[in-house]
Amino acid sequence: MAIAIVAGSITELGTATYLSKVSGTGDRSRAWAILRLNRRTTLAATTCIGIGCFVSGSLDKQIPALGLLAIAFILDKYNEVPLSIPVAYGRIGPVTISLALRRGVALFVYLLAPFSDPTLAFASSLMIGQASAVAYTSIAIVRPSRCASTTPITTVAKESTAYFVNTLSGQLRYLDSALVGFAAGAVQAGMYSAADKTIRPLLLIPQTLTTLLLPRSTRSSASAARSDALRLALAGAVILVASIPLALAAPTLVQLTLGSDYESSSDALRCLFLAVPFISLTAPLGALLQGQNFARFVSLNSAFYTALTLAFVFGGSVLGGAVIAAAGLTVASILRSFSLLLFSYRNLR
């Protein structure tokens with residue numbers, strides 16, 4: 001699953017984030033060039049995966065399902081790109097319709113899929129659901145965005161490099177559970193993954209905020225962006241205070257949400273609850289800086305701290321399993337959030 005997510009990020013090339021910034025400036029020529037680039041990379045990636053599955057499908061019966069799953073994630077990333085246009089203008093309706101369409105169609109297909117293999121049924125339904133959302137965004141967003149673009153695709157491909165590095169670095173963080181499994185075994189990986197999935201819903205609001213902040217920052221002055229950064233820091237402090245009782249109540253929360261089988265993941269969950277405020281800060285702060293033309297710094301910062309995070313998680317797994325791995329992720333998150341805050345304070349004036 002993590003590998004499929006990373007593959008989707010590679011084909012997207014960071015264009016969703018870049019298009020959000022471009023839409024904030026009203027540059028329709030560049031916007032249309034980005035949409036064309038996104039279409040070509042997605043078509044190339046899905047074609048390669050389809051050919052690969054056709055050639056190697058006889059080697060393992062799971063290969064077709066994995067191929068469909070990879071295509072589903074690639075289409076999901078494709079869909080994120082045009083959806084960044086209405087979001088930049090404050091219109092959330094198309095995002096809601098796209099989400100409801102792909103989930104509804106996927107569920108409908110899964111319930112009616114004539115496959116005896118549940119893995120193939122799941123992958124097929126997910127891919128068809130994503131394809132239905134792509135059809136919607138093509139009609140509702142991509143087609144109305146057409147214009148006589150004078151911006152070459154190669155130009156926007158080069159300009160989106162910094163955004164691509166930042167996006168890919170963020171997706172590589174999903175390999176942390178695999179590293180724990182490699183270093184400490186399946187049991188420790190299960191404990192770490194259970195704790196990680198428990199805190200994941202808490203990060204949905206910061207992720208949504210990131211999408212809205214980038215076009216806003218593009219249209220804002222440096223002093224206004226600095227004020228936003230200070231507000232984010234204050235919000236992070238409030239979240240930290242709220243995270244402390246959640247960390248203390250981790251054993252009870254594990255019992256309620258995961259059951260007694262995962263009781264041993266309580267200590268890892270404590271560490272990750274304390275990481276939530278700092279993880280929540282990084283993406284919105286990065287969006288503010290990208291909007292203020294510091295995309296190169298954000299990409300370098302993201303690449304460095306992703307490598308540091310994975311190193312801490314791997315080293316922690318070797319030293320003490322899931323708990324020390326979670327502590328390593330927490331430390332890396334603290335360091336990264338403070339580095340972004342310090343840069344914002346010094347450069348947004």
Side-chain angles (χ1 to χ4, degrees), residues 1-6 9 166 168-204 206-207 236-283 285-286 300-342:
M1 185 74 79
I3 294 172
I5 293 173
V6 172
S9 300
N166 182 56
L168 181 61
S169 298
Q171 298 299 331
L172 286 172
R173 217 280 286 168
Y174 287 106
L175 297 176
D176 54 354
S177 294
L179 286 177
V180 175
F182 179 78
V187 174
Q188 294 296 319
M191 291 167 53
Y192 180 90
S193 181
D196 185 49
K197 283 181 171 57
T198 302
I199 68 160
R200 199 67 62 81
L202 300 177
L203 303 177
L204 292 176
Q207 290 170 1
V238 172
I239 296 172
L240 178 60
V241 172
S243 297
I244 293 173
L246 289 175
L248 295 174
T252 303
L253 292 173
V254 168
Q255 287 280 354
L256 291 173
T257 58
L258 301 174
S260 57
D261 292 341
Y262 289 91
E263 188 176 357
S264 54
S265 65
S266 298
D267 290 335
L269 182 58
R270 280 197 178 99
C271 293
L272 293 185
F273 268 134
L274 296 177
V276 165
F278 304 100
I279 297 174
S280 300
L281 275 177
T282 54
L285 283 172
L300 293 174
N301 179 277
S302 180
F304 174 78
Y305 279 103
T306 295
L308 186 69
T309 299
L310 294 178
F312 279 9
V313 167
F314 182 78
S317 302
V318 173
L319 294 175
V323 177
I324 307 302
L329 185 144
T330 302
V331 171
S333 301
I334 293 171
L335 292 174
R336 187 183 178 199
S337 62
F338 274 100
S339 71
L340 290 170
L341 278 172
L342 184 61

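- Atom CD1 in I334 sits 10.0 Å away from atom CG in L329 (nearest 0.5 Å).
- A side-chain donor-acceptor contact under 3.5 Å links T306 to the backbone of S302.
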#### Entry: Steps toward side-chain contact (heavy atoms from CB on, under 4.5 Å) verdict (Q255, S260)
CA-CA 5 Å; Q255 287 280 354; S260 57; 3.8 Å; yes
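- For the atom pair OG of S177 and NZ of K197, the computed distance is 6.0 Å after rounding to the nearest 0.5 Å.
- Judged purely by atom type and a 3.5 angstrom limit, R270 uses its side chain to pair as donor or acceptor with the backbone of A247.
- Annotation: Y262, atom OH; neighbour count of heavy atoms from other residues, nucleotides and ligands within 6.0 Å does not exceed 12.
- The two residues Y305 and A332 make their nearest non-hydrogen contact at CD2-O, 4.1 Å.
- The two atoms that bring G321 and A184 nearest to each other are CA-CB, 4.2 Å, heavy atoms only.
- Looking at every heavy atom in both residues, R336 comes nearest to N301 through NE-OD1, 2.9 Å.
- Annotation: the span from L172 atom CG to T309 atom OG1 amounts to 11.0 Å, rounded to 0.5 Å.
- Between P251 and E263, the closest side-chain pair of non-hydrogen atoms is not below 4.5 Å.
- With values rounded to the nearest 0.5 angstrom, L281 atom CG is found 9.0 Å from L340 atom CG.
- Taking all atoms of both residues into account, the shortest heavy-atom contact from A268 to V323 is N-CG2, 4.0 Å.
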### Task
Show the numbers, then the answer: is there a side-chain contact (heavy atoms from CB on, under 4.5 Å) between S333 and T282?
CA-CA 8 Å; S333 301; T282 54; 5.9 Å; no
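- Side-chain atoms of T330 come within 3.5 Å of backbone N or O of C271 as a donor-acceptor pair.
- Pairing each heavy atom of G316 with each of I324, the nearest pair is O-CB, 3.3 Å.
- We find the CZ-CG distance between F314 and L319 to be 10.0 Å, quoted to the nearest 0.5 Å.
- The minimum heavy-atom distance linking S337 with F278 is given by the pair OG-CD2, 3.3 Å.
- Judged as a salt bridge (charged side-chain N to carboxylate O under 4.0 Å, His left out), the pairs with a partner in residues 186-196 (not counting sequence neighbours) are, in order, R173-D196, D196-R200.
- With rounding to the nearest 0.5 angstrom, the CE atom of M191 is 11.0 Å from the CG atom of L269.
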